[in-house]
Amino acid sequence: AMKKMSLLLEKCKFYAEPIYSPSGKFYGMEMLTHFYNKNVKLNPQTIINSLDYSAKKSLLKKQLIDVKLMSRFFLKNSAFCSLNIDEEMAHILISDSSLLNLLESIPFLWLEVNERAIRKQPRQSFAIQKLSEVCRLMMDDFGTGNTSYSALRSDIFSAVKIDKKLLWNNTTDKNDLLCIVTQLRMLCPIVIAEGVETPNYKKEAIRAGAYGLQGWLFPGCYFDNLDV
């Protein structure tokens with residue numbers, strides 16, 4: 001099993017999913033990890049959840065090194081790169097000084113923390129609190145049910161991503177999303193809408209006041225193909 005895992009990590013590829021401002025300016029991108037087994041793409045979440053501590057550590061190191069190699073691209077475009085981490089990865093980062101130094105040397109890197117990792121209060125999660133002192137944090141998947149607004153009141157987050165279902169289900173009352181985004185912006189000025197898959201969704205997200213837009217409407221590419 002260990003051998004299979006290290007092979008999966010060796011063969012993983014990093015994919016860049018772009019985020020644009022409402023005016024169409026390239027604003028940043030999320031780094032996604034694609035795992036393959038004999039050229040078949042596997043479910044990344046399933047793989048990452050099944051990794052043990054040392055495998056997660058290897059993956060994080062690989063991700064950070066790859067982002068750092070792209071420094072010129074991100075600095076030239078004044079863009080950020082965000083990377084999704086879970087609670088265990090947060091602990092790995094703060095307890096390994098070489099990883100922490102690497103993280104500190106990439107000023108344009110933001111870490112996305114899933115709602116589940118935050119639980120009710122991010123201050124209770126020491127690792128996440130500690131990371132917020134080293135780099136910018138973004139709350140991911142807002143609206144999937146676990147987070148209260150109180151997590152955003154803690155000043156730990158520089159940005160928040162609203163879950164795509166909030167955008168997709170915004171058909172009944174057009175003001176629902178507007179109310180949510182307005183409340184979020186009082187606590188966290190940068191609100192990014194996920195799930196922007198059609199020009200119509202784009203219009204809805206902009207109307208609601210989203211600062212950044214992400215989704216299939218904007219094609220991504222592999223990190224190797226980023227135009228440096």
Side-chain angles (χ1 to χ4, degrees), residues 8-10 12-20 26-35 42-51 53-75 77-118 122 125 127-142 156-164 188 190 192 194 212 214-215 218 220-226 228:
L8 276 178
L9 288 181
E10 234 167 88
C12 72
K13 288 184 79 174
F14 299 128
Y15 190 79
E17 206 167 85
I19 298 162
Y20 286 93
F26 172 59
Y27 178 49
M29 56 179 44
E30 181 178 353
M31 179 192 217
L32 301 172
T33 307
H34 288 180
F35 297 95
L42 307 168
N43 181 325
Q45 214 37 65
T46 311
I47 301 293
I48 290 170
N49 291 346
S50 69
L51 296 178
Y53 195 87
S54 70
K56 275 187 181 174
K57 195 173 186 168
S58 307
L59 176 62
L60 274 169
K61 190 176 178 182
K62 197 174 161 152
Q63 287 169 327
L64 293 178
I65 288 170
D66 261 52
V67 173
K68 190 166 183 174
L69 287 172
M70 298 306 298
S71 290
R72 265 188 60 201
F73 171 84
F74 288 102
L75 297 170
N77 288 293
S78 313
F80 70 82
C81 179
S82 71
L83 176 64
N84 221 303
I85 60 162
D86 61 21
E87 211 172 357
E88 190 174 26
M89 286 168 157
H91 281 284
I92 292 169
L93 283 169
I94 64 156
S95 49
D96 185 298
S97 58
S98 66
L99 284 179
L100 212 50
N101 289 339
L102 188 53
L103 186 61
E104 285 191 86
S105 72
I106 315 172
F108 54 85
L109 181 67
W110 295 39
L111 295 178
E112 288 190 34
V113 185
N114 191 288
E115 275 201 333
R116 281 183 298 281
I118 305 156
S125 175
I128 288 164
Q129 162 77 35
K130 198 90 195 100
L131 280 176
S132 72
E133 293 159 20
V134 178
C135 70
R136 288 177 145 192
L137 296 188
M138 188 185 294
M139 184 193 284
D140 190 24
D141 294 337
F142 181 88
I156 285 179
F157 298 95
S158 305
V160 57
K161 261 190 192 178
I162 49 175
D163 188 64
K164 51 182 177 276
C188 202
I190 299 173
I192 295 168
E194 286 186 294
Q214 181 179 359
F218 314 108
C221 70
Y222 282 100
F223 255 59
D224 314 350
N225 304 335
L226 284 177
V228 184

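Counting begins at 1 with the first residue of the sequence. Given the structure is predicted, the values throughout are model-derived calculations rather than measurements.
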Can a donor-acceptor pair be found, under 3.5 Å and without considering hydrogens, that links the side chain of Lys62 to the backbone of Glu10?
yes
Walk me through it: do Cys135 and Leu109 pass the test side chain to side chain contact (heavy atoms under 4.5 Å, CB included)?
CA-CA 7 Å; Cys135 70; Leu109 181 67; over 6 Å; no
Below 4.5 Å, heavy atoms only, C-beta onward: do [X] and [Y] meet side chain to side chain?
X      : Y      : answer
Lys130 : Leu100 : no
Phe35  : Asn43  : no
Val113 : Leu131 : no
Ile19  : Phe80  : yes

Interatomic spacing from [atom1] in [X] to [atom2] in [Y] - rounded to 0.5 Å:
X      : Y      : atom1 : atom2 : answer
Leu42  : Thr33  : CG    : OG1   : 12.5 Å
Met70  : Phe14  : CE    : CZ    : 12.5 Å
Ile156 : Cys188 : CD1   : SG    : 11.5 Å
Tyr27  : Ile190 : OH    : CD1   : 3.5 Å
Cys12  : Gln63  : SG    : CD    : 7.5 Å
Arg136 : Leu111 : CZ    : CG    : 12.5 Å

Could you tell me which residues satisfy ring pair (Phe, Tyr, Trp, His ring centres under 6.0 Å) with Tyr222, sequence neighbours excluded, listed by chain and number?
Tyr15, His34
All salt bridge (charged side-chain N to carboxylate O under 4.0 Å, His left out) counterparts of Glu194, not counting sequence neighbours:
none
Scan for salt bridge (charged side-chain N to carboxylate O under 4.0 Å, His left out) pairs involving residues 91-104, sequence neighbours excluded, and state none if there are none.
Lys57-Asp96
Please identify each residue that fulfils side-chain contact (heavy atoms from CB on, under 4.5 Å) with [X], with sequence neighbours left out.
X     : answer
Ala16 : Met29, Phe223, Leu226
Glu88 : Tyr53, Lys56, Asp86, Ile92
Ser71 : Lys68, Leu75, Phe108

Under the side chain to side chain contact (heavy atoms under 4.5 Å, CB included) rule, what do Leu60 and Ile85 come out as? Steps first, then yes or no, please.
CA-CA 9 Å; Leu60 274 169; Ile85 60 162; 4.1 Å; yes
Restricting to non-hydrogen atoms, name the atom on Pro18 and the atom on Gly220 that form the minimum distance, rounded to 0.1 Å.
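Scanning both residues, the minimum pair turns out to be CD-CA, 3.6 Å.
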For a quick test of reading the model, state the closest non-hydrogen atom pair linking Asn114 to Asn84 and the distance between them.
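Heavy-atom minimum between the residues: N-OD1, 4.4 Å.
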